[in-house]
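The structure displayed is predicted, hence computed values, not measured ones. Chain A is the first sequence line, chain B the second, and so forth, proteins listed ahead of strands; every chain is numbered from 1.
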There are 2 protein chains.
Amino acid sequence: MPTMSDLPNSSPTPLTIGALAKQTGVKIPTIRYYESIGLLPEAPRTGSNRRTYDSGSVRRLRFIRHARELGFEVEAIRQLLAMADDPGQPCREADLLARTHLAGIESRIARLEALRDEVRRMVEGCAQDQVRSCHVIEVLADHAHCLHDRH
Amino acid sequence: MPTMSDLPNSSPTPLTIGALAKQTGVKIPTIRYYESIGLLPEAPRTGSNRRTYDSGSVRRLRFIRHARELGFEVEAIRQLLAMADDPGQPCREADLLARTHLAGIESRIARLEALRDEVRRMVEGCAQDQVRSCHVIEVLADHAHCLHDRH
DNA sequence: TCTTGATCCTCCAGTCGCTAGAGAATTTAG
DNA sequence: CTAAATTCTCTAGCGACTGGAGGATCAAGA
């Protein structure tokens with residue numbers, strides 16, 4: 001089974017923050033921000049005080065980015081990272097975290113769908129005439145026009 | 001056709017900010033915030049400097065609240081309010097605003113659904129064993145596990 | 001070698017839409 | 001009359017970044 005150390009560049013040049021940003025799609029100030037809140041460890045510095053990274057940084061930052069894209073909050077990611085760093089532990093916590101998150105996503109979808117129906121109704125009812133007879137304004141002005149009242 | 005002035009209390013007591021908050025479901029600091037950013041006009045004050053409101057304020061604030069609940073940004077609401085205040089104008093702008101908003105909602109739903117599928121896959125694949133074999137961590141660590149790559 | 005432009009550093013302020021607290025004044029209920 | 005509730009202003013904080021100022025350093029071409 002091949003590992004990193006089998007590959008040609010077994011001691012690769014450390015990455016600059018800009019290179020890391022390019023490889024992960026995370027902006028430079030955001031990387032520094034993640035370090036400042038402790039999501040990323042403090043990067044080792046060069047003689048001239050520049051941050052250096054390696055392929056481990058790329059993996060960790062991709063993990064963070066992916067989790068953020070999936071809608072996880074930073075606090076949740078902090079917990080997930082701690083679990084990922086400790087692979088011998090039972091994963092019930094990670095599972096629970098993800099399940100809780102899933103429930104949140106589902107309720108967001110439901111609310112957005114109710115919202116979409118309402119805005120759609122609003123738009124389709126518009127007579128394109130005058131504001132006086134415009135459903136958009138009317139619906140916004142009076143909640144009684146709505147199909148749902150739980151938004 | 002009955003109007004306001006036909007009703008018994010034709011000169012109703014002005015509302016306090018607390019009463020307005022209760023009638024609209026908008027919190028007091030939020031009402032003051034809306035005034036500070038110009039969504040609500042500056043409320044007339046009593047001799048002791050307290051804000052006073054009337055039924056028009058209730059309508060306007062409900063309009064704002066409803067639009068916020070529908071996901072409109074404050075800037076959009078500002079435009080919608082300006083249009084609602086000018087009912088003789090053609091409503092193409094309001095319509096366009098709402099249509100743009102609808103498109104935004106629809107794309108948010110689509111992205112959330114992709115996300116939901118992915119988190120669901122993550123959760124369902126979890127062997128409840130160890131982090132080492134946990135799909136939750138695995139999927140987060142490697143985007144290649146994902147069905148979609150456009151989230 | 002010099003110079004130019006790209007990249008990096010730190011620190012601070014701003015974004016959005018609120019939300020909460022301090023501390024003072026006033027109103028209302030018992 | 002007193003005590004509790006409400007209101008006022010002002011300020012700061014939330015989450016998750018994002019951007020700019022002002023300065024240091026690096027890499028590449030003439």
Residues two or more places apart in sequence or in another chain: which of them pass side chain to side chain donor-acceptor pair (under 3.5 Å) with A:S57?
A:D54
Contacts of A:E106 that satisfy side chain to side chain donor-acceptor pair (under 3.5 Å) - sequence neighbours left out:
B:R120
Reading DNA chain D from 5' to 3', where do the contacts with chain A start and stop? Cut-off is 4.0 Å to heavy atoms.
D:dA16 to D:dC26
Once side chain to side chain contact (heavy atoms under 4.5 Å, CB included) is applied, do any residues pair with A:A19, and if so which ones, sequence neighbours excluded?
A:L15, A:T16
Is the phosphate of C:dT10, meaning OP1 or OP2, less than 4.0 Å from a side-chain N or O of A:R51?
yes
By side chain to side chain contact (heavy atoms under 4.5 Å, CB included), B:T46 pairs with (sequence neighbours left out) B:S48, B:R50, B:T52
Of the residues in residues 29-43 of chain B, which ones touch DNA chain D at a heavy-atom distance under 4.0 Å?
B:R32
Whole-Å gap separating P (C:dC9) and NZ (A:K27)
17 Å
For the pair made of CD1 in A:I28 and C1' in C:dA6, what is the distance, rounded to whole Å?
11 Å
CA sep, side-chain torsions, deciding dist, call: A:E42, A:R51, salt bridge (Lys or Arg N to Asp or Glu O under 4.0 Å)
CA-CA 9 Å; A:E42 291 190 14; A:R51 291 171 178 84; over 6 Å; no
For each nucleotide in nucleotides 25-30 of chain C, reading 5' to 3', give B when a protein heavy atom comes within less than 4.0 Å of its base, S when such contact involves only the sugar-phosphate, and - otherwise.
BBS---
How many Å lie between CD on B:E73 and P on C:dC18, as a whole number?
11 Å
Closest non-hydrogen contact found for B:L61 with B:L40 is CD1-CD1, 4.2 Å
Residues in side chain to side chain contact (heavy atoms under 4.5 Å, CB included) contact with A:A103, at least two apart in sequence or another chain:
none
Could you pull out every donor-acceptor pair under 3.5 Å between side chains of residues 25-34 of chain B and any protein atom, sequence neighbours left out?
none

If I take atom CD1 in residue B:I64 and atom P in nucleotide C:dC16, what distance separates them, rounded to the nearest angstrom?
17 Å
Going by the rule side chain to side chain contact (heavy atoms under 4.5 Å, CB included), which residues pair with A:E73 if we only count those two or more places apart in sequence or in a different chain?
none
Rounded to whole Å, CZ of B:R68 lies from C1' of C:dT19 at a distance of 14 Å
Can you name the residues that form a side chain to side chain donor-acceptor pair (under 3.5 Å) with B:R60, not counting sequence neighbours?
B:D85
A:E75: which residues meet the salt bridge (charged side-chain N to carboxylate O under 4.0 Å, His left out) condition with it, sequence neighbours left out?
A:R78
